[in-house]
2 protein chains.
Amino acid sequence: MNKEERVIMGFRDLLNKMVSLNKFKMKDSLKGYKSSEVHCIEYIGRNVDSNVTKLAESFYVTRGAISKLTKKLIKKGIIESYQKQDNKKEIYFRLTEQGKVINKVHEELHKEFQERDKAVFEQVTEEQFDSMLSFVEKYSRHLDAEIKKLGVDITNPNDFE
Amino acid sequence: MNKEERVIMGFRDLLNKMVSLNKFKMKDSLKGYKSSEVHCIEYIGRNVDSNVTKLAESFYVTRGAISKLTKKLIKKGIIESYQKQDNKKEIYFRLTEQGKVINKVHEELHKEFQERDKAVFEQVTEEQFDSMLSFVEKYSRHLDAEIKKLGVDITNPNDFE
DNA sequence: ATGGTTATGTTTCCCCGGAAACATAACCAT
DNA sequence: ATGGTTATGTTTCCGGGGAAACATAACCAT
C-alpha cells in the first residue's frame, strides 16, 4: 500500500474509531438518544433558522431522512417548528427547553473529548496543521471540480471504501 | 472552528466526496453491482482464505451483515465457498471466473481514480506525507488506548459525526 | 399575470445492516 | 476425555435511510 492510500485509509480508520468512541460515551450520558438525534439537536442548537434542506446538506443525507428524524424529535418534544410571515414554504426548527438541556449535556461531552485528545494535538505543530489543511483543501477542490464536471450528486455517503 | 476540527472535518468531507464519486463511476462500469458487493469481491480477490470474520473486521460491520452479503454473492455465482479437511468450522471464499472478471473491471476503475488524482498527490512532498502519517498513527494509537481502556466495540461505524 | 421551472418538504416502499439469539466447531484447563 | 469457554457463522426481527413519486410554495421569464 503506497503512502497516498495509507493516508486516506488512516483517516478513515481514525474517523471510525472516533465515531465508535462517541457512540459509546453517548450511551452513558445521553441514554435513550440516538447519535443521529443528538447531531440533529446539536446542529439546530448552533444554527438559527435550521430547516430540513440545510440539515440534509450538512449531514449528507436525503431530505426525506431528515424529514422523518425531525418529525420524531418534535413528537418527543425536543425541537419545535416555526414559520415566517412572508414565507409559507420553508419550515424552521428550534430547540425546546428540553432540547436545550440535551444540547448542554452534549456540549459537555464534546469538551470531554477535546480534553481526552489534547495530548495528541499539543504535539502537532502549526506547520503540520497548515500542511494537512492545505492538502485537504487542495484535494477537496480537485474532487469538487470532478464532481461538477460529472454532475455527481453528493447526497448519500456514510460508508467508506 | 479551530484547526483540529477543520482537519477532521476536512477529511470527513474528503472521504464523503470520494465515496460519492466512486459510486457514480461504478454505476457506469459496474452496473447492477452494489458498492458493498464490489468491495467484498475486491477483498476476496486480494486475500486468500477470506472468511466471514475477516471480512467483517476489515469492513467494520457485523458478521451477520457479511454472512448475508456472501450468501447473495454465492447465489449470483460471483464467489464460491470452500473448506479445509482439518477445519470444519471456518468457511472460506474465493472468486469464480465471473467474479474475477468483475474484479478486473474494478481494478481498472481504481487505476482510473489514481490517474485522476495524480495531479494532487504529485504536489505533496515526502515530508508532508510523513507528517500526515505520523499524525494519523499517533492519534490512532491514542484512540486505541482509549478504546481498550473502555472496552469499546469497534464493529459498527459508517457514519461520521 | 401566468405558466413553466425550481425549491422545499413529505410519504411510501424497499433494502441494508445491527442486535441478539442461536447452532456448531474448536480450544483448553483440569 | 470431557465439560466449559471461545470462535465462527447464521437467522430473525427491527429501525434507519435511499429512491422516487408526490404536494405545495416560490421564483422567473415572457
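Given the structure is predicted, the values throughout are model-derived calculations rather than measurements. Chain A is the first sequence line, chain B the second, and so forth, proteins listed ahead of strands; every chain is numbered from 1.
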Quiz item: Who are the salt bridge (charged side-chain N to carboxylate O under 4.0 Å, His left out) partners of B:Lys104, not counting sequence neighbours?
Solution: none
Practice problem: May I ask you to check whether B:Tyr82 and B:Asp49 show a side-chain donor-acceptor distance below 3.5 Å? | Solution: yes
Practice problem: Return the residues of residues 67-76 of chain B meeting this criterion: a heavy atom under 4.0 Å from some atom of DNA chain D. Order them by number, or give none. | Solution: B:Ser67, B:Lys68, B:Lys71
Self-check item: Whole-Å gap separating P (D:dG18) and NZ (B:Lys23)
Solution: 9 Å
Quiz item: Looking at residues at least two apart in the chain, or sitting in another chain, which of them share a side chain to side chain contact (heavy atoms under 4.5 Å, CB included) with B:Ile74?
Solution: B:Ile79, B:Ser81, B:Phe93
Exercise. Quickly work out the A:Tyr92 OH to C:dA7 C1' distance and round it to whole Å.
Key: 12 Å
Quiz item: Is any NZ, NE, NH1 or NH2 atom of the basic residue among A:Glu146 and B:Arg116 found under 4.0 Å from an Asp or Glu carboxylate oxygen of the other?
Solution: no
Quiz prompt | Distance, rounded to the nearest Å, where B:Glu90 contributes CD and D:dG9 contributes C1' | solution = 10 Å
Self-check item: Qualifying residues under salt bridge (charged side-chain N to carboxylate O under 4.0 Å, His left out), relative to A:Glu137, sequence neighbours excluded
Solution: B:Arg6
Practice problem: For A:Asp49 and C:dT8, give me the distance from atom CG to atom P, rounded to whole Å. | Solution: 13 Å
Exercise. Output all residues satisfying side chain to side chain donor-acceptor pair (under 3.5 Å) with A:Gln128, sequence neighbours left out; order by chain, then residue number.
Key: B:Ser131
Quiz prompt | Of the listed nucleotides D:dG17, C:dT8, D:dT8, the one nearest the side chain of B:Arg63 | solution = D:dT8
Practice problem: Round to a whole Å and report the spacing from CD1 of B:Ile91 to P of D:dT11. | Solution: 10 Å
Quiz item: Which nucleotide in the set C:dT8, C:dG18, D:dG16 lies at the smallest distance from any side-chain heavy atom of A:Asn51?
Solution: C:dT8
Self-check item: Toward the 5' end of DNA chain D, by each residue's nearest nucleotide, A:Lys34 or B:Val52
Solution: B:Val52
Practice problem: Tell me, please, which residues at least two apart from A:Glu108 pass salt bridge (charged side-chain N to carboxylate O under 4.0 Å, His left out). | Solution: A:Lys111
Quiz item: Considering residues at least two apart in sequence or located in another chain, which fulfil the side chain to side chain contact (heavy atoms under 4.5 Å, CB included) criterion with B:Gln114?
Solution: A:Asn2, A:Glu5
Exercise. Provide, to the nearest angstrom, the distance between the CD1 atom belonging to B:Ile66 and the C1' atom belonging to C:dG17.
Key: 10 Å
Quiz item: End-to-end bend of the helix from C:dA1-D:dT30 to C:dT30-D:dA1 (five-pair axes, 10° rounding)?
Solution: 30°
Quiz prompt | Residues that B:Lys68 engages under salt bridge (charged side-chain N to carboxylate O under 4.0 Å, His left out), provided they are two or more places apart | solution = none
Self-check item: Pairing residues for A:Phe24 by the side chain to side chain contact (heavy atoms under 4.5 Å, CB included) criterion, not counting sequence neighbours
Solution: B:Leu150, B:Val152
Quiz item: Considering heavy-atom distances to DNA chain D, does A:Ser36 or B:Phe93 have its closest nucleotide positioned more toward the 5' end?
Solution: B:Phe93
Quiz item: Which whole-number value in Å describes the distance from A:Phe24 CZ to C:dG18 C1'?
Solution: 17 Å
Practice problem: May I ask you to verify if any side-chain N or O of A:Thr53 is less than 4.0 angstrom from the OP1 or OP2 atom of C:dA7? | Solution: no
Quiz item: Going by heavy atoms closer than 4.0 Å, what residues in residues 77-89 of chain B are next to DNA chain D?
Solution: B:Lys89
Quiz prompt | By side chain to side chain donor-acceptor pair (under 3.5 Å) - contacts of A:Arg94 (at least two apart) | solution = A:Glu80
Exercise. Rounded off to whole Å, could you give me the CG-to-P distance for the A:Leu55 and D:dG18 pair?
Key: 13 Å
Quiz item: On the ring face of B:Tyr92, is B:Lys84 found with NZ or CZ under 6.0 Å from the centre and within 45° of the axis?
Solution: yes
